[in-house]
Amino acid sequence: MKLHIVPARTGIAWVKGGIRVFWRQPMALSALFFMTMAAMSIATLFPLIGPALALMLLPSATLAMMVAAAEAGQGRFPTPALLLVAFRTGRQRLRDMAVLGLLYAAGFLLIIAISALFDGGQFAEVYLGGEPLTQEVAQSGDFQLAMWVAMVLYLPLSLLFWHAPGLVHWHGVPPVKSLFFSFIACVRNLGAFTVYGLGWLAVFALGGVAMSLITAVLALMGLGSGPAVMGGAMVALAMMLAAMLFSSIVFTFRDCFEPPERPEPAAEQALTASEPAPPAAD
């Protein structure tokens with residue numbers, strides 16, 4: 001396994017890759033993303049362990065979207081069976097993905113616990129407990145401080161787990177080592193990931209502006225819709241854009257690491273989908 005150092009402009013290529021591959025199979029990738037989110041939502045219904053169980057599923061859900069995007073990039077139809085790709089590659093990989101899920105859940109819950117030190121647990125109750133977010137709570141200085149603390153602490157957690165599912169699945173890297181390699185890859189390619197993040201912020205902002213303009217035009221034409229319809233359209237747009245973002249993760253992984261010599265049969269083309277990777281800079 002060899003790390004690639006890519007130029008900052010590669011971040012835009014990753015954004016474009018995610019959008020392009022999504023539109024090759026928009027219905028299939030949207031459905032897969034919706035099903036992964038639905039599975040995590042259902043998991044939260046279990047008493048006591050629900051939120052932790054949902055968090056444990058996120059690395060597997062990320063891997064499923066990576067494989068699905070790679071399949072779409074190769075002109076193949078990503079089937080719902082890909083949702084179980086993390087559980088169909090042998091016992092060792094299954095255990096490793098389970099450990100990865102446990103580590104992610106533990107890290108996320110630790111961040112929430114730290115945030116509770118700043119507001120007495122209000123942010124934690126809203127985020128994990130499903131407590132309603134009132135205007136009074138949202139405007140609370142302590143609540144906002146706890147939220148920002150959680151956001152700042154989540155960044156390194158995100159870097160640790162960004163490439164970890166792919167490293168475990170395709171390269172057979174043990175869970176703890178995969179976190180280390182993922183973090184190093186993200187830090188060494190910080191310029192590209194910064195451009196990548198800014199690019200997606202711009203895409204989400206443009207999507208919101210476009211939806212607002214469409215609504216305004218419909219209202220001027222006397223075809224305006226009610227708040228419920230508008231809210232549903234915004235949720236659908238957000239889900240579609242999130243599916244595009246998750247579809248782009250495989251491009252970041254492909255360009256940061258060399259493909260394994262013997263890739264797994266499931267989506268063996270995943271790391272060579274679409275355009276060739278940029279040259280390595282050791």
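Hydrogens, waters and symmetry mates play no part in the numbers below; they use all other heavy atoms, side chains included.
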Legend entry - Cluster companions of Leu198 among Ile, Leu, Val, Met, Phe, Trp, Tyr (side-chain spacing under 4.5 Å): Leu201
Legend entry - By side chain to side chain donor-acceptor pair (under 3.5 Å) - contacts of Arg95 (at least two apart): Gln92
Legend entry - Gap between atom CE of Met27 and atom CZ of Phe77 - 0.5 Å precision: 9.5 Å
Donor-acceptor pairs under 3.5 angstrom involving side-chain atoms of residues 41-66: please list them, not counting sequence neighbours.
residue: Ser41; atom: OG; partner: Met37; partner atom: O; Å: 3.0
residue: Thr44; atom: OG1; partner: Ser41; partner atom: O; Å: 2.4
residue: Thr62; atom: OG1; partner: Leu58; partner atom: O; Å: 3.0

Inset, instruction - Could you list who else is in Val195's hydrophobic cluster, with ILVMFWY side chains joined at under 4.5 Å, directly or through other members? - result: Ile12
Legend entry - Option among Trp14, Phe253, Trp200 that satisfies the ring-ring contact (aromatic ring centres under 6.0 Å, His included) test with Phe193: Trp14
Inset, instruction - Go through the steps to decide whether Tyr127 and Phe108 satisfy the test side chain to side chain contact (heavy atoms under 4.5 Å, CB included), and finish with yes or no. - result: CA-CA 11 Å; Tyr127 197 92; Phe108 191 90; 3.3 Å; yes
Inset, instruction - Would you please say whether a donor-acceptor pair under 3.5 Å links the side chains of Thr10 and Tyr196? - result: no
Inset, instruction - List for me each residue that meets ring-ring contact (aromatic ring centres under 6.0 Å, His included) alongside Phe183, sequence neighbours excluded, and say none if there are none. - result: none
Legend entry - hydrophobic_cluster_shared for Leu190 and Phe161, side chain cutoff 4.5 Å: no
Legend entry - side-chain hydrogen bond (donor to acceptor under 3.5 Å, both in side chains) contacts touching residues 146-165 (sequence neighbours left out): Tyr104-Tyr154, Trp162-Thr252
Legend entry - Close side-chain approach of Pro78 to Leu32, heavy-atom, < 4.5 Å: yes
